[in-house]
Structures are given as structure tokens and as C-alpha cells.
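Structure record follows, encoded as C-alpha cells.
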Amino acid sequence: MSQVILKHVRDFLPDHVFDCGQAFRWQREEDGSYTGIVGGRIANIRFDQQEENTGEGQLVLSNVSESEFSEFWKHYLDLDRDYREIQNVLAQEDPVMKAAIAFGRGIRILRQDPWETLISFLISQNNHIPRIRKCIETLCECFGKPAGTYRGRAFYSFPEPEALSELTAEDLAVCRLGYREQYLVKAARKVLEDGPRRLRGMSDPEISGEEAFSYITEFCGVGPKVANCILLFSLGKYDRFPVDVWVKKVMKNYYGLETPKEIAAFAKKKFGRYGGFAQQYLFYYIRESEQE
DNA sequence: TTCCAGGTACCCC
DNA sequence: GGGGTACATGGA
């Protein structure tokens, strides 16, 4: 079994990275590692903390070759980014962020595939996280391709636009998507009509967050919240600040902000280009602290 | 049973 | 442009 070991890794805790609501296909193993499939590649990821003070440790990627790591996983896991720097800037003169970061310091924003993120967050609306995961797994089992087995389990790739574009309501009924099922088929058709490169191209740094936002919200079923998640989690627009029920709650409880307008203005002013990271720390903070 | 979830489309004014 | 409401589903 191929394996890649990275020493002296900081700010990477699998529980924080894979269970902070940004990705839905990583499964926690009994040993605390996570197994997932991304772009048809199956990997298991573990972190062994070695230094108490700095939180430094080694990251172990199993079922991953050196070339797969350097060509794919390194980028996906955002390993080149200095999260300590981001934390320092955000925590400055903000006791709330300071607490949130202390709580979720191992968070990283994964660089996910735009198509998969679009579909996943279409499913996420007005839905519970465990159900979102279930819907997505069924979708992959039924319409993705077999990608092999790991630890005795079969894995399936995320279905391509072509596979979803021709499905009927009857085909999709097994996924229990409810009223969201039409959004998936429409999205698949739009991606094919526009050319798949159009969506992917939104990750170009030359394209502003506003421009990408206006394109992504053309998809039926994509409003401001879902659009900002797609921008943040798959298109590299790190200043976006998605506001959902949890973020609303944290902004009201800790900052006294009520309306979406107030929240957006505050996030822009206070968190700026690191808005997306701030949002992830706050989301994880409020959600974990309320899940008794 | 009723409430709720990483909200949005649609309608009304 | 703001303010309601329906929407499928299943877990708590």
C-alpha cells in the first residue's frame, strides 16, 4: 500500500477539516483517520500530533503515491497556505474570533471540484448534514462509477454532468432529494450547455468574486448562501462569507447583528479577504458548542 | 406530534 | 427591493 508521510505539519486536524460542513464524502474511521474519494481517487488521511505546544505533527496519507500527492492532494488539502498567519490576523482585537480559532485551529478550506460542490450545496439547502451526506452517497452509488474498494468498502466517483443531465424524476427518486431533484438535472444541463470550462474558469483569480457570484446564481436553486459556499470551497474566492442559520446565530449571539445586510457589511469590514476562513471558524465553533 | 435543517423560488406590495 | 410562504424529507 502506497503511503506519503509529511512531517512538521501544523494546523491540520482531520476532525476539523473533514467535519466542518465543507465536504460531505469523508468518513471517519474508528482510529480517527478519514477515508474519502476525490476525483476518483480514494485516500485515507491521518494526523499524529507530535508536539503539544505547537500542535505540530505528521500527516499520513495512505493509498496515495508520491506523484498523486504532489500533483493532486497537496493542492486539494491546501497545504501550501500559512494558516497561522490567517489566524493571527483574524484573532487580533477580536475575542470572539480568538475563542473560535482556539476551538477550530485545525480547520483548512479544501480546494474542491466546482461541479461536485455545486451539486452538493444544491442538496444542502434546507437540509440536515447527515441527510445531505446520505443523499450524496446514494447519488454516487447510483450514477457514479465504481472506483475500487478500500478497507472492505466500495467507493464510487461523483457522477459527471453527462450522467445527471438525462435523468428523470423517477431515476432520481431513490436519492430522496425531495423538491431539489429538478435543480440537479437543470444544473447538469446548464453546465453542458455553457461548456464545463465556463464553471471551472470561475476559479481564475482575474475573475472577481462578484462576477463569479452572478454566474453561479444563474443556476436554478442557487441563492446567495449556496453561491458563496461554491465560491469559497471550490473557486478560491476566500473573501466570501456564506450566511446560514448557524452563522446567523453566532453573529446575533456574539456580535449583536440581526439582518443579512448588517452581517455582510460587518464581515467585509472586519474580516476582509479572510472572510471565508473567519466564517469557517465561527461555523464550527457555534455548531460544535451547541451539539452537546 | 411538531419542529427543524449549511435556503430558494415565487408571489405580492 | 423588502416581506411572507411553500417546498420534500427524515431525524430529534
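Predicted model only: the values in this text are computed from it and were never measured. In what follows, chains carry the letters A, B, and so on, assigned in the order in which the sequence lines appear, proteins first and then strands, with residues in each chain numbered from 1.
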Verify the contact: side-chain N or O of K261(A) to OP1 or OP2 of dG2(C), cut-off strictly under 4.0 Å; return yes or no.
yes
Any idea which of dG2(C), dG10(C), dA8(C) is nearest the Y179(A) side chain?
dA8(C)
Selection from dA5(B), dT8(B), dA9(B) that lies nearest to any side-chain heavy atom of C220(A):
dA9(B)
Integer-rounded Å distance: dA9(B) P and Q125(A) CD
7 Å
Classify the nucleic acid contact of V243(A) as base, sugar-phosphate or nothing, counting any heavy atom under 4.0 Å across all strands shown.
nothing
Under 4.0 Å, heavy atoms only, any strand: does F233(A) hit a base, just the sugar-phosphate, or nothing?
base
Give a yes or no on whether the ring-centroid distance for Y274(A) and Y238(A) is below 6.0 angstrom.
no
Assign G21(A) to base, sugar-phosphate, or nothing according to its heavy-atom contacts below 4.0 angstrom with the strands shown.
base
Calculate the interatomic distance between I216(A) atom CD1 and dT8(B) atom P; express it in whole Å.
13 Å
Apply the salt bridge (Lys or Arg N to Asp or Glu O under 4.0 Å) test between R153(A) and each candidate in E137(A), E141(A), E29(A); give the one that qualifies.
E29(A)
Looking across every strand, which nucleic acid part, if any, lies under 4.0 Å from P224(A) by heavy atom: base, sugar-phosphate, or nothing?
sugar-phosphate
Consider only side-chain N and O atoms of Y179(A) and Q125(A), and report whether a donor and an acceptor are under 3.5 Å apart.
yes
Do you see a donor-acceptor pair shorter than 3.5 Å between the side chains of D171(A) and T168(A)?
yes
Less than 4.0 Å between a side-chain N and a carboxylate O, is that true for D11(A) and R81(A)?
no
Would you mind reading off the distance between Y183(A) atom OH and dA9(B) atom P, rounded to a whole angstrom?
6 Å
Atom CZ of R180(A) and atom C1' of dA6(C): how far apart are they, to the nearest Å?
13 Å
Expressed as a whole number of angstroms, how long is the span from F283(A):CZ to dA5(B):C1'?
10 Å
Phosphate contact (dA5(B) OP1 or OP2) by R131(A) side-chain N/O below 4.0 Å:
no
Whole-Å distance between dT8(B) P and K186(A) NZ?
15 Å
Taking atom C1' of dC7(C) as reference, at what distance in whole Å does atom CD1 of I123(A) sit?
16 Å
So Q182(A), base contact, sugar-phosphate only, or nothing? Heavy-atom distance under 4.0 Å.
nothing
Base, sugar-phosphate, or nothing: which does Q22(A) touch, judged by heavy atoms less than 4.0 Å apart?
base
Base, sugar-phosphate alone, or nothing: which one does C175(A) contact when heavy atoms must sit under 4.0 Å apart?
nothing
